[in-house]
Enquirer: 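My questions all concern the structure below.
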Amino acid sequence: MAEADSLNAAASPPAPEAAGTGAPGSLEDQLRQAGLEVLGSCQKMSGRGPALLQHSALLEDFTMKELDTLGEAMLLIRARPGQVLIAEGDAGDWMLLLLSGTVDVTKTTPADDDDPDAADNKSRLGVTTEGAVLGEMSMFDRDVRYATCTAIDAVEAAVLSRAAIGQLIRQHPGVGAKLMVKITQLLAQRLRNTSNRLVRLLQKK
């Protein structure tokens, strides 16, 4: 529960229902400065249908009512094709839940310092679709973004901040606890996948 206590302490006063305030320096303001269209909170997220629960590892154990409670704590954003949602190297204490569209995830490898003419290399880490979660690691550790996430086509996503999770834990403990468990499971699965890839790479040498 140490993570939950840390998130709880980081929570800001407004309730989840006021996920986007538009105040200077707020999450909503940051998203707009990045060129993303902010459409308000994700109220009635259950209206997107049961397919969202089926396609999302994060949401698969949530009820429709719990989904609406979670949606009230999230901001709905829209991105155009080719628009960056998360930029590698940026700071961020929020994550994205992809609601529609497709996102390209890429990582830049710095050029060799010994070759002044060499250019940075960009590698594709994956392509994500509806239900995927992006940016959850930086949300927890507040380190810079590991990769860049770019909209391939028109994208809608729900944004969940570290502060909003703290508010959920206080005001809706059942939903907050379930969310924390699911995010922890996602992080553990990604660590396991990374470890497996590393083992396979070492075996080829």
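What's counted below: heavy atoms across the whole structure, side chains too, no hydrogens, waters or symmetry copies. All values derive from a computational prediction rather than experimental measurement.
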Enquirer: Which heavy atom in Leu36 sits nearest to a heavy atom in Ala79, and how many Å separate them?
Expert: CD2-CB, 3.8 Å

Enquirer: Give a yes or no on whether Arg190 atom CZ has more than 12 heavy-atom contacts from other residues, nucleotides or ligands under 6.0 Å away.
Expert: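 More than 12 within 6.0 Å, yes.
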
Enquirer: Quick one: CG on Leu31 to CD1 on Ile77, what's the gap to the nearest 0.5 Å?
Expert: 5.5 Å

Enquirer: If I compare all heavy atoms of Asp61 with all of Lys178, which pair ends up nearest, and what's the gap?
Expert: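 Answer, listing the atom of Asp61 first, then Lys178: O-NZ, 2.9 Å.
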
Enquirer: I'd like to check Asp93 versus Phe140 (side-chain heavy atoms, cut-off strictly below 4.5 Å). Are they in contact?
Expert: no

Enquirer: Taking everything shown except Lys107 itself, do over 12 heavy atoms lie less than 6.0 Å from its NZ?
Expert: yes

Enquirer: Does the Lys NZ or Arg CZ of Arg145 fall within the cation-pi geometry relative to Trp94 - under 6.0 Å from the ring centre and within 45° of the axis?
Expert: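 Yes, a cation-pi geometry.
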
Enquirer: How close do Ser56 and Gly131 get, counting heavy atoms only, and between which atoms?
Expert: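 Looking at all heavy atoms of both residues, the closest pair is OG-O, 3.0 Å.
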
Enquirer: Does Leu85 belong to the same Ile/Leu/Val/Met/Phe/Trp/Tyr cluster as Tyr146, with side-chain heavy atoms less than 4.5 Å apart forming each link?
Expert: yes

Enquirer: So, do Leu52 and Leu99 sit near enough that their side-chain heavy atoms are less than 4.5 Å apart?
Expert: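 Leu52 vs Leu99: side chains touch.
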
Enquirer: Quickly, which of Thr69, Asp68, Thr63 forms a side-chain hydrogen bond (donor to acceptor under 3.5 Å, both in side chains) with Ser46? Name it, please.
Expert: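 Single pass found, and it is Asp68.
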
Enquirer: Can you tell me how far NZ of Lys182 sits from CD of Gln185, rounded to the nearest 0.5 angstrom?
Expert: 4.5 Å

Enquirer: Return yes if some donor-acceptor pair links the side-chain N/O of Gln54 with the main-chain N/O of Ala51 below 3.5 Å, else return no.
Expert: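 No; zero donor-acceptor contacts below 3.5 Å.
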
Enquirer: Look up atom CE in Met45 and atom CZ in Arg48, then write down how far apart they are to the nearest 0.5 Å.
Expert: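 Rounded to the nearest 0.5 Å, the CE-CZ separation comes to 8.0 Å.
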
Enquirer: To the nearest 0.5 Å, what is the distance between SG (Cys149) and CG (Leu96)?
Expert: 7.0 Å

Enquirer: Take Leu27 and Val38 through the test side-chain contact (heavy atoms from CB on, under 4.5 Å) and record every step on the way to the result.
Expert: CA-CA 10 Å; Leu27 175 58; Val38 181; over 6 Å; no

Enquirer: How far apart are the closest heavy atoms of Thr106 and Ala147, and which atoms are they?
Expert: O-CB, 3.2 Å

